[in-house]
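Structure, as structure tokens:
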Amino acid sequence: MEKRKIEIMDTTLRDGEQTSGVSFSAAEKLTIAQLLLEELHVDRIEIASARVSEGEFEGVKGIMSWAETKGYTDKIEVLTFVDNGLSIEWMKKSGAKVQNLLTKGSLNHLTHQLKKTPEQHFAEIAETIALANENGIATNVYFEDWSNGMRNSPEYVFQYLDFISTQPIKRILLPDTLGVLIPSDTFDFISSITTKYPSIHFDFHAHNDYDLSVANVMEAIKAGVHGLHVTVNGMGERAGNAPLASTVAVINDFMPEIKIGVKESSLYSVSKLVEAFTGYRISENKPIVGDNVFTQTAGIHADGDNKKNLYFNDLLPERFGRKRKYALGKTSGKANIEKNLQELGLKLNNEDLKLVTQRIIELGDKKETVTREDLPYIISDVLDSHTYEEKITVSSYVLSHAKGMRPSTTLCLKIDGEIIEEHAQGDGQFDAFMNALAKIYKTKKMILPKLIDYAVRIPPGSSSDALCETIITWTTNGKEFKTRGLDSDQTVAAIIATQKMLNVVAN
């Protein structure tokens with residue numbers, strides 16, 4: 001059986017730009033338009049509202065100039081108004097060739113906003129469409145507030161449909177303007193329309209106020225709709241529009257009778273670019289494009305993936321140009337760590353793996369995020385810590401730093417079972433710690449190695465601030481050696497490195 005083609009119209013550059021605080025520059029609009037059509041292969045894009053601003057006008061001119069060289073002018077649409085031809089004039093000057101004419105799809109909007117009768121509104125719409133045709137501009141028609149119209153004034157909606165079906169238009173666009181539809185209503189409303197007007201092309205424009213946009217999209221397709229309106233990252237006014245990535249994945253996985261042309265593998269890269277342009281952060285758990293949606297955290301899941309991919313579903317990250325990750329934290333367990341070690345080309349024996357696992361759990365208990373890039377540092381820290389017997393431990397300490405006062409440290413050191421406490425000030429917290437330590441060693445008539453270099457670094461490539469490694473170089477009896485400390489706090493990492501030094505010397 002031949003698949004039914006559904007058009008995907010992306011309105012990120014028009015409706016998506018109505019996201020609070022978002023405004024694209026002309027250059028950004030052109031870049032996104034090019035990616036949507038040439039990289040993602042959506043069927044059409046809605047790029048602007050007529051007469052909004054000079055910047056909007058220049059953005060449309062730039063896109064249309066590029067589109068003419070590619071033969072895309074019929075794929076690019078602009079929202080227009082019933083305004084005595086002002087929008088048409090704007091369209092002509094910008095070079096745009098397809099208008100999405102905003103009209104009233106509910107009697108409530110018509111009566112209280114326009115204060116006109118249906119006959120008056122229809123006459124003005126007919127004039128606008130005729131003027132567009134005279135100027136070589138094709139027309140699609142938005143039925144604004146259509147969903148409420150179907151719920152509260154269906155007689156008006158069908159009266160309008162009877163009229164508009166006689167006009168020379170390409171498509172009728174059915175928006176759930178206020179996001180009020182539930183899936184059963186979506187199916188009932190649209191099927192009643194597509195059944196009565198089988199020769200007309202209908203688009204469905206979902207909003208996500210009840211988080212039902214994708215479910216409503218599915219029902220709209222089942223009801224016979226011919227096109228869908230979406231946005232990258234679900235951007236849009238209030239709770240946003242139906243998200244492009246989720247819509248594509250749902251259709252591809254659950255509606256085998258439907259054909260769409262969107263290229264799945266480019267969804268993530270375009271999503272991240274739009275995020276960068278807008279500053280509108282994608283939720284980490286947003287399906288398909290969120291940073292964490294292909295990350296397994298629980299160790300049992302990683303173990304299952306090692307045993308015939310037991311925790312995989314059809315949303316394989318490779319479909320979307322992504323890779324599966326295994327989070328490191330207090331719930332990760334050995335299986336997650338082994339998965340990450342495989343990515344790094346590392347292998348540990350069971351005993352060392354237990355030690356590394358325990359260290360990661362400790363960091364997880366401190367609510368730190370551990371990344372794969374941190375692993376070599378953790379391994380180095382853990383394995384290095386077990387190359388000597390711990391004869392000296394830092395039992396406790398208090399670090400203080402207050403404005404107008406020198407930093408100070410109170411230190412309790414345990415040496416061969418004996419607890420010794422000392423207090424000192426310094427030029428910084430770690431300097432104060434070292435001064436307190438020097439006092440203890442002087443009391444015990446022990447030689448304290450001299451600190452000659454101090455370096456701090458984070459794992460290269462790590463996107464996390466969870467860990468930093470402090471590397472201290474010491475000298476004693478003419479010999480130099482280094483110790484490392486690993487923690488989320490730089491000073492604590494330095495204290496860990498210092499405790500290692502004390503035990504290296506004591507051994």
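A donor-acceptor pair is defined here as one N or O able to donate and one able to accept, closer than 3.5 Å; such a pair exists between the side chain of N208 and the backbone of L212. Judged by distance alone, with hydrogens and angles left aside, the side-chain atoms of T69 form a donor-acceptor pair with the main-chain N or O of W66 at under 3.5 Å. Checked by atom type and distance alone, the side chain of T12 pairs as donor or acceptor with a backbone atom of V232 at under 3.5 Å. Between the side chain of T111 and the main chain of N108, no donor-acceptor pair closer than 3.5 Å is present. Between the D176 side chain and the L181 main chain, a donor and an acceptor come within less than 3.5 Å of each other. Using modelled atom types, one side-chain atom of T19 and one backbone atom of G236 make a donor-acceptor pair closer than 3.5 Å.
A salt bridge between E257 and K3 is absent, with no side-chain N of the basic residue lying under 4.0 Å from a carboxylate O of the acidic one. A salt bridge links R171 with E7: the distance from a Lys NZ or Arg NE/NH1/NH2 to an Asp or Glu carboxylate oxygen falls below 4.0 Å. Residues D83 and R51 are paired through a salt bridge, judged by an N-O separation under 4.0 Å between the basic side chain and the carboxylate. Comment: E38 engages K70 in a salt bridge, judged by a side-chain N to carboxylate O separation of less than 4.0 angstrom. A salt bridge is absent between D10 and K75; no separation between the charged side-chain nitrogens and carboxylate oxygens falls under 4.0 Å. Contact check on D291 versus K272 returns a salt bridge, with a Lys/Arg side-chain nitrogen under 4.0 Å from an Asp/Glu carboxylate oxygen. A salt bridge links E124 to K116: at least one charged side-chain nitrogen sits closer than 4.0 Å to a carboxylate oxygen. Here E2 does not pair with K259 in a salt bridge; the nearest charged N to carboxylate O distance is not below 4.0 Å. Between R44 and D203 there is a salt bridge, with a side-chain nitrogen of the basic residue lying less than 4.0 Å from a carboxylate oxygen of the acidic one.
For an aromatic pair to be called close, the ring centres must be under 6.0 Å apart, and Y268 with F320 fails this.
For the pairing with R322, the side chain to side chain contact (heavy atoms under 4.5 Å, CB included) check across V293, L267, I288 returns one residue only, V293.
Below 30°, between 30° and 60°, or above 60°: for Y142 and H205 the angle between ring planes is above 60°, a perpendicular geometry. Ring geometry for Y156 against Y160 counts as tilted: the plane angle lies between 30° and 60°, on a 0 to 90° scale. Ring-plane geometry between F122 and F163 is classed as parallel, the angle between the planes falling under 30 degrees on a 0 to 90 degree scale with a further cut at 60.
Across all non-hydrogen atoms, the minimal contact from R151 to D185 is NH2-OD2, 2.7 Å. Listed here is the closest heavy atom pair of T177 and R238: O-NH2, 2.9 Å. Minimum interatomic distance between S49 and V78 (heavy atoms only, all atoms of both residues): C-CG1, 4.2 Å. Between D209 and A239, the closest heavy-atom pair is CA-CB, 3.7 Å. Taking every heavy atom of both residues into account, A242 and V217 meet most closely at CB-CG2, 4.0 Å. Annotation for I182 and N216: closest pair C-OD1, 3.2 Å, computed over non-hydrogen atoms.
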Could you give me the CA-CA distance, side-chain angles and deciding distance for N100 and E46, then say whether side chain to side chain contact (heavy atoms under 4.5 Å, CB included) is met?
CA-CA 8 Å; N100 291 342; E46 188 177 45; 2.9 Å; yes
Show your working on side-chain hydrogen bond (donor to acceptor under 3.5 Å, both in side chains) between E119 and Q159 and close with a plain yes or no.
CA-CA 10 Å; E119 291 73 21; Q159 179 187 3; 3.2 Å; yes
T139 and Q99: side-chain hydrogen bond (donor to acceptor under 3.5 Å, both in side chains), yes or no, with the steps?
CA-CA 5 Å; T139 300; Q99 70 164 339; 2.9 Å; yes
Test salt bridge (Lys or Arg N to Asp or Glu O under 4.0 Å) on K29 and E17 and set out the steps.
CA-CA 10 Å; K29 281 205 168 194; E17 197 178 33; 3.4 Å; yes
Derivation of the side chain to side chain contact (heavy atoms under 4.5 Å, CB included) call for T103 and E144:
CA-CA 6 Å; T103 68; E144 186 181 19; over 6 Å; no
Run N252 and E264 through side chain to side chain contact (heavy atoms under 4.5 Å, CB included) and show every step you take.
CA-CA 9 Å; N252 285 340; E264 280 190 338; 2.9 Å; yes
Verdict with reasoning, F277 to F24, per ring-ring contact (aromatic ring centres under 6.0 Å, His included)
CA-CA 7 Å; F277 281 174; F24 295 111; 7.2 Å; no
Please report the C-alpha distance between T231 and L244 in whole Å, then the side-chain angles of each, then the deciding distance to 0.1 Å, and finally whether the side chain to side chain contact (heavy atoms under 4.5 Å, CB included) criterion is met.
CA-CA 5 Å; T231 59; L244 170 63; over 6 Å; no
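For the pair L228/I251, a side-chain contact is recorded, criterion being any heavy-atom separation below 4.5 Å from C-beta on. The shortest distance between side-chain heavy atoms of H226 and K5 does not fall below 4.5 Å. With a 4.5 Å cut-off on side-chain heavy atoms, M64 and I76 count as touching. Residues S20 and Y280 are not in side-chain contact: their nearest non-hydrogen atoms beyond the backbone lie 4.5 Å or more apart. Side chains of K97 and D74 form no contact here, defined as non-hydrogen atoms less than 4.5 Å apart. Side-chain contact between I32 and V274 is present, with at least one heavy-atom pair separated by less than 4.5 Å. Looking at L114 and K104, their side chains come closer than 4.5 Å, going by heavy atoms from C-beta outward. No side-chain heavy atom of I137 sits less than 4.5 Å from a side-chain heavy atom of V98.
Around NZ of K93, the count of heavy atoms belonging to other residues, nucleotides or ligands within 6.0 Å does not exceed 12. Within a 6.0 Å sphere centred on CG of N135, other residues, nucleotides and ligands contribute more than 12 heavy atoms. Counting heavy atoms of neighbouring residues, nucleotides and ligands inside a 6.0 Å radius, atom NZ of K286 exceeds 12 of them.
With 3.5 Å as the limit, one finds no donor-acceptor pair spanning the side chains of N148 and S106.
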